[in-house]
Amino acid sequence: MVLAQDGITLIRLVCLDLAGTTIGDVAMVERAFAEAIATQGIVPGTGAYARAMVHVHRSRGCSTIDVFRGIFPDNEAQAQAANLTFERSYEGAIARAGLVPLPGIVEALDKLRGADIRICLTTGFSRAILGRVLGALGWSDKVDLALCPEDAGRGRPLPDMVLTAVMRLGIEDVRQVAVVGDSESDMLCGRRAGASVVAGVLTGVHSKERLIKGGATHLLDSVADLPELLLTGAPIEPPMAAAAR
């Protein structure tokens, strides 16, 4: 087993978040959450609605049902009903507008797979929604695996999806993993899983400060910059460390 060569960590698996990281659907997801909350009597213009949407923003990247459980902590039926509305709303948005990869993403995936790096897409969506997304993207030849919380047992910020990908794809050591996402929960998940690279991208919901707070080892403008980070042959280290030398 080779974990490093000349001091360089060899990444064998990249776990990529979907919404806001590889596809530009942040507004679609936000609208679906807003519509779902409104159907449960929390309507725009009220303090309760404002608090609920703050919770949604803070919880992005987590399992969608867990987000609604946080809004309706004492009513599982209400949380489930809101989640069902969310899924219907988001599916409708996909049907109307489709999904578009963020610029440079497809090329980045091709470069990574060309370097024998496995790709796993991870999401807080349900398995049904994940299937819709994959169908809309047509990425069956671009990724090796796609996981949702149902597949792993628990969603982000817990490490289960990353560890499930490690086991299913035969990765020998968690240090051979890079986790990439646009939310604080993505960063927490990657750190808890033991990934050597936990890269926050600035194309989605959370700020640079939130990503660093979650434990980001690197910050990227986009996933399009990921091949340069992983494939240049330079030691993988935080940009802050490089700047300090």
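Worth saying up front: this structure is predicted, and the values here are computed from it rather than measured. Only this structure's heavy atoms are used, side chains among them; waters, hydrogens and symmetry mates stay out.
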Under the side chain to side chain donor-acceptor pair (under 3.5 Å) test, residues paired with Glu30 that sit two or more places apart: Arg60
Test item: Phe72 and Ile42 side chains (from C-beta on) under 4.5 Å apart, heavy atoms: yes
Pairwise side-chain contact, Arg113 with Asp144, heavy-atom cut-off 4.5 Å (strictly under): yes
Contact check, side chains of Val133 and Ile23, non-hydrogen atoms, under 4.5 Å: yes
Close side-chain approach of Met161 and Asp151, heavy atoms under 4.5 Å: no
Which residues share a ring pair (Phe, Tyr, Trp, His ring centres under 6.0 Å) with His55, sequence neighbours left out: none
Under the side chain to side chain donor-acceptor pair (under 3.5 Å) test, residues paired with Thr203 that sit two or more places apart: none
Side-chain (Ser59) to main-chain (Val56) donor-acceptor, under 3.5 angstrom: no
Side-chain heavy atoms of Ile11 within contact of Val177, under 4.5 Å: no
Test log, rule side chain to side chain contact (heavy atoms under 4.5 Å, CB included), inputs Arg210 and Arg58: CA-CA 9 Å; Arg210 287 288 300 278; Arg58 288 176 176 169; 4.3 Å; yes
Partner of Leu112 under side chain to side chain contact (heavy atoms under 4.5 Å, CB included), chosen from Leu13, Val223, Leu230: Leu230
Closest non-hydrogen atom pair between Ala38 and Val43, with its separation: O-CG1, 4.2 Å
Results of salt bridge (charged side-chain N to carboxylate O under 4.0 Å, His left out) for Asp17 - residues two or more places apart only: Arg156
Cluster link Ile94 to Leu18, ILVMFWY, side chain under 4.5 Å: yes
Residues Gln80, Ile65; criterion side chain to side chain contact (heavy atoms under 4.5 Å, CB included); working and verdict: CA-CA 7 Å; Gln80 292 287 350; Ile65 183 58; 3.8 Å; yes
Glu150 and Arg127 ion-paired at < 4.0 Å: no
For Ala193 against Leu163, the heavy-atom pair lying closest together: O-CD2, 3.8 Å
Smallest separation among heavy atoms of Pro227 and Ala224, with atom names: CD-O, 3.5 Å
For the student: nearest non-hydrogen atoms of Leu102 and Thr21, plus distance: CD1-O, 3.4 Å
Criterion side chain to side chain contact (heavy atoms under 4.5 Å, CB included) on Arg118 and Val14, from CA distance to verdict: CA-CA 6 Å; Arg118 313 296 291 274; Val14 172; over 6 Å; no
Pairing residues for Gln40 by the side chain to side chain donor-acceptor pair (under 3.5 Å) criterion, not counting sequence neighbours: none
Set of side-chain contact (heavy atoms from CB on, under 4.5 Å) partners for Glu87, sequence neighbours left out: Asn83, Ser126, Ile129
Distance in Å, Thr122 OG1 paired with Asp160 CG, rounded so as to fall on 0.5 Å steps: 12.0 Å
Non-hydrogen atoms of Ala216 and Gly200 that approach each other most closely: CB-N, 4.2 Å
Close side-chain approach of Val205 and His57, heavy atoms under 4.5 Å: yes
Leu188: partners by side-chain contact (heavy atoms from CB on, under 4.5 Å), with sequence neighbours left out: Pro157, Glu184, Arg192
Qualifying ring-ring contact (aromatic ring centres under 6.0 Å, His included) pairs with a residue from residues 153-180, counting only residues at least two apart or across chains: none
Partners passing ring pair (Phe, Tyr, Trp, His ring centres under 6.0 Å) against Tyr90 (at least two apart in sequence or in another chain): Phe125
Inter-residue atom distance Leu109.CG - Thr22.OG1, 0.5 Å rounding: 7.5 Å
Side chain proximity check, Val67 to Phe86, heavy atoms < 4.5 angstrom: no
Partner set under side chain to side chain donor-acceptor pair (under 3.5 Å) for Arg69, not counting sequence neighbours: Asp66, Glu76
Gap separating the CD atom of Glu35 from the OG atom of Ser89, nearest 0.5 angstrom: 3.5 Å
Identified side chain to side chain contact (heavy atoms under 4.5 Å, CB included) counterpart of Val198 within the set Leu211, Asp186, Thr217: Thr217
Contacts of type side-chain contact (heavy atoms from CB on, under 4.5 Å), residue Arg88, not counting sequence neighbours: Leu84
Nearest-0.5 Å distance, OG1 of residue Thr164 to CG of residue Leu169: 10.5 Å
Heavy atoms of other groups near Asp141 CG, more than 12 under 6.0 Å: yes
Side-chain heavy atoms of Trp139 within contact of Ile105, under 4.5 Å: yes
Where Gly204 and Asp182 come nearest, the two heavy atoms and their spacing: CA-OD2, 3.2 Å
ring-ring contact (aromatic ring centres under 6.0 Å, His included): pairs with one or both residues in residues 151-189, sequence neighbours excluded: none
Flag if over 12 foreign heavy atoms under 6.0 Å of NZ, Lys142: yes
